[in-house]
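Down below is the structure, laid out as structure tokens.
Atoms considered below: every heavy atom in the structure, side chains included; atoms not considered: hydrogens, waters and symmetry mates.
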Amino acid sequence: MSDAAPTIRKASPADAAAWAQLRLGLWPDADDPLEELAQSLDDADGAVFLACLADGEAVGFAEVRLRHDYVNGTESSPVGFLEGWYVQPSWQGHAVGRALLSAVQDWTRAAGCSELASDSRVEDVLAHAAHRACGFQETERVVYFRMALDAEPPR
């Protein structure tokens, strides 16, 4: 690991492969086609920030989107929503996550938002701690359910 702090920059479509690889660290089952990821980087309602070493290697990312629908625990619309936030384990604890979050906050403010929201799996206590350490406040816990309608109804 280098001693130099990574530089935070906005991702471009050329960064889709590096971003896709980092996403697997957060979502091991992610299988989004690179074409779709590259196209999403041109969406004005979202941004991806990468933490990059001097040699260009990306060691973390943060995805943010504007959400115009109701976001649990918020009071305004649109709201910036931190869709994904990940730093490689060897870089965790070195303020990389905070630097990524700072870029997300700046982008969200520039988009006219007064709130930034996020979510996490209920069991992911490390993510909860990281959110709290960076100033997020927990608003509520939700469990979602689904039912396949082609199944036989329970009797």
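Of all heavy-atom pairs spanning L22 and Y86, the tightest one is O-CD2, 3.5 Å. Nearest heavy atom pair, residue A18 against residue A58, reads CB-CB, 4.3 Å. Heavy atoms only, all atoms of each residue included: A17 and L34 are closest at CA-CD2, 3.7 Å. The shortest heavy-atom contact between A20 and L37 is CB-CD1, 3.6 Å. Considering every non-hydrogen atom in both G80 and C113, the closest pair reads N-SG, 3.6 Å. In terms of heavy atoms, G73 sits closest to Y70 at N-OH, 3.3 Å.
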Can you give me every donor-acceptor pair (side chain of residues 140-148, partner residue at least two apart or in another chain, under 3.5 Å) with its distance?
| unit_1 | atom_1 | unit_2 | atom_2 | d |
| --- | --- | --- | --- | --- |
| E140 | OE2 | N72 | ND2 | 3.0 |
| R141 | NE | E138 | OE2 | 2.7 |
| R141 | NH2 | E138 | OE1 | 3.3 |

Which atom pairs, donor and acceptor, lie under 3.5 Å between side-chain atoms of residues 103-111 and protein residues at least two apart or in another chain?
| unit_1 | atom_1 | unit_2 | atom_2 | d |
| --- | --- | --- | --- | --- |
| D106 | OD1 | R109 | NH1 | 3.3 |
| T108 | OG1 | V104 | O | 2.8 |

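Note on W91: it clusters hydrophobically with F49, by side-chain heavy-atom contacts below 4.5 Å among ILVMFWY residues. W27 is connected to L41 through a chain of hydrophobic side-chain contacts under 4.5 Å among Ile, Leu, Val, Met, Phe, Trp and Tyr, so both are in one cluster. Using a 4.5 Å cut-off between side-chain heavy atoms of Ile, Leu, Val, Met, Phe, Trp and Tyr, with links allowed through other members, L53 and W19 fall into different hydrophobic clusters.
Scanning for side chain to side chain contact (heavy atoms under 4.5 Å, CB included) contacts around S12 gives A14, D15, with sequence neighbours left out. A search for side chain to side chain contact (heavy atoms under 4.5 Å, CB included) contacts involving R67 returns D69, V71, F81, E83, not counting sequence neighbours. With sequence neighbours left out, the side chain to side chain contact (heavy atoms under 4.5 Å, CB included) criterion links S118 to L82, H131, F136. A search for side chain to side chain donor-acceptor pair (under 3.5 Å) contacts involving Q137 returns nothing, not counting sequence neighbours. Here P28 pairs with nothing under the side chain to side chain contact (heavy atoms under 4.5 Å, CB included) rule; sequence neighbours left out. Applying the side chain to side chain donor-acceptor pair (under 3.5 Å) rule to Q21 yields no partners; only residues at least two apart in sequence or on another chain are considered.
Listed by first then second residue, pairs satisfying salt bridge (charged side-chain N to carboxylate O under 4.0 Å, His left out) with a partner in residues 92-101 number zero, not counting sequence neighbours. Here side chain to side chain donor-acceptor pair (under 3.5 Å) pairs that include residues 37-56, with residues two or more places apart or in two chains, are D43-R65. Sequence neighbours left out, the pairs with a member in residues 124-134 that pass salt bridge (charged side-chain N to carboxylate O under 4.0 Å, His left out) are R121-D124. Sorted by first then second residue, the salt bridge (charged side-chain N to carboxylate O under 4.0 Å, His left out) pairs that include residues 18-32, not counting sequence neighbours, are R23-D32, R23-E63.
W85 places a side-chain N or O within donor-acceptor distance of the main-chain N or O of G97, the cut-off being under 3.5 Å. Judged by distance alone, with hydrogens and angles left aside, the side-chain atoms of E115 form no donor-acceptor pair with the main-chain N or O of V79 at under 3.5 Å.
Between L116 and L101 there is a side-chain heavy-atom pair separated by less than 4.5 Å.
In this structure, CD1 on I8 lies 12.5 Å from CZ on F61, to the nearest 0.5 angstrom.
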